[in-house]
Amino acid sequence: MGFEMKSSNMKKRLLRKGLTEFQADVLIKVMGIPRGETRTYKQVAAMAGRPHAYRAVGTALRLNPFAPTIPCHRVIKSNGDIGNYSAPGGRRKKIEMLEAEKAI
DNA sequence: CAGGTGACATGAG
DNA sequence: ACTCATGCCACCT
C-alpha cells in the first residue's frame with residue numbers, strides 16, 4: 001500500500017511516455033516483483049488481467065523506459081529459459097542481474 | 001481493413 | 001532434451 005500512490009504516479013509517467021493502458025499496467029505489475037524472485041510472461045499477463053496476452057507482455061516490456069528500475073529482468077519464460085532483454089547489456093546483463101539477486 | 005512484428009506458450013515429432 | 005509449427009495478443013504500418 002505504501003507504493004500504491006507511487007505506482008499511480010508511475011502509470012501516469014508511463015502513459016505520458018506514450019505507452020498504452022495495457023503496456024503501462026504490465027509495467028506497474030512488474031514493479032511489484034520482489035528482488036530475488038521471478039515471474040513468467042504468462043503470470044504477468046494474468047496479473048495485468050489479460051491471461052492470454054502473454055505474447056504481448058514481451059512487446060510491452062520491450063518498451064520499458066525505466067529499466068532496470070522497473071525490474072523487467074525478473075520476467076522469464078514458462079519453461080525456465082531466461083528469455084530476452086532489450087535494455088543495455090542484453091540477455092547477458094539480464095542473467096547477471098538475476099544471479100546477483102540470487103533469483104537463479 | 002489487411003499484413004507484419006515480437007523479450008511467448010505449447011504440443012507434436 | 002531439442003526443433004519446428006501453430007496459436008495468440010496488442011500494436012504498428
Side-chain angles (χ1 to χ4, degrees):
Chain A
M1 294 218 255
F3 79 88
E4 289 276 309
M5 189 174 77
K6 283 184 133 185
S7 53
S8 174
N9 290 334
M10 179 54 88
K11 182 165 178 178
K12 289 182 183 176
R13 295 175 67 186
L14 291 169
L15 294 174
R16 237 184 302 133
K17 281 285 185 179
L19 301 201
T20 65
E21 285 285 332
F22 171 73
Q23 296 166 339
D25 286 338
V26 165
L27 291 174
I28 291 302
K29 293 300 181 182
V30 168
M31 254 195 334
I33 305 175
R35 179 187 170 84
E37 293 185 27
T38 62
R39 298 291 186 279
T40 68
Y41 292 92
K42 194 177 185 179
Q43 290 175 318
V44 172
M47 292 186 273
R50 317 310 302 250
H52 299 291
Y54 44 79
R55 187 155 191 187
V57 166
T59 307
L61 296 190
R62 190 179 52 150
L63 304 177
N64 179 6
F66 305 111
T69 300
I70 293 182
C72 56
H73 60 281
R74 294 177 189 151
V75 184
I76 65 178
K77 293 199 181 188
S78 291
N79 65 4
D81 286 354
I82 294 304
N84 220 315
Y85 190 64
S86 67
R91 181 154 46 201
R92 181 77 195 226
K93 182 69 177 176
K94 181 173 183 177
I95 295 174
E96 287 176 13
M97 288 190 288
L98 289 176
E99 289 179 336
E101 299 179 356
K102 308 214 184 312
I104 54 180

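Protein chains get the first letters and strands the later ones, always in sequence-line order, with residue 1 at the start of each.
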Does anything in residues 96-104 of chain A come within less than 4.0 Å of DNA chain B? Heavy atoms only, and list the residues if so. none
Quick one: does A:Arg55 reach the base of C:dC8 with a side-chain donor-acceptor pair under 3.5 Å? yes
Going by modelled atom types, is there a donor-acceptor pair between the base of B:dA7 and the side chain of A:Ser86 at under 3.5 Å? yes
Rounded interatomic separation in angstrom, taking [atom1] from [X] and [atom2] from [N]:
X       : N      : atom1 : atom2 : value
A:Gln43 : B:dC8  : CD    : C1'   : 13 Å
A:Ile82 : B:dC8  : CD1   : P     : 12 Å
A:Lys42 : C:dG7  : NZ    : C1'   : 13 Å
A:Leu63 : C:dC12 : CG    : C1'   : 11 Å
A:Glu21 : C:dA10 : CD    : P     : 14 Å
A:Asp81 : C:dA1  : CG    : P     : 11 Å
A:Ile76 : B:dA9  : CD1   : C1'   : 14 Å
A:Lys29 : B:dA7  : NZ    : P     : 24 Å

Using the rule given for side chain to side chain contact (heavy atoms under 4.5 Å, CB included), can you reason through A:Arg35 versus A:Arg74, listing the C-alpha separation, both sets of side-chain angles and the distance that settles it, and then say yes or no? CA-CA 8 Å; A:Arg35 179 187 170 84; A:Arg74 294 177 189 151; 3.6 Å; yes
Mind checking if [X] touches a base, just sugar-phosphate, or nothing, with heavy atoms under 4.0 Å?
X       : answer
A:Ala56 : base
A:Ser78 : sugar-phosphate
A:Arg91 : nothing

Go through C:dC9, C:dA10, B:dA7 for me and flag the one nearest to the A:His52 side chain. C:dC9
Of the options C:dA10, B:dA7, C:dC8, whose atoms approach the side-chain atoms of A:Asn84 most closely? B:dA7
I'd like to know if A:Asp25 and A:Arg50 make a salt bridge, using a cut-off of under 4.0 Å between side-chain N and carboxylate O. no
Answer yes or no: is there an ion pair linking A:Lys94 with A:Glu96, defined by an N-O contact shorter than 4.0 Å? no
Taking A:Glu37 for its side chain and A:Pro34 for its backbone only, find out whether a donor-acceptor pair lies under 3.5 Å. no
Quick one: does A:Ser7's side chain have a donor or acceptor within less than 3.5 Å of a partner on A:Met10's backbone? no
A:Lys11 NZ: over 12 foreign heavy atoms closer than 6.0 Å: yes
Cation-aromatic face contact A:Arg62/A:Tyr85, 6.0 Å, 45 degrees: no
5'-most by nearest nucleotide on DNA chain C - A:Phe22 or A:Tyr54: A:Tyr54
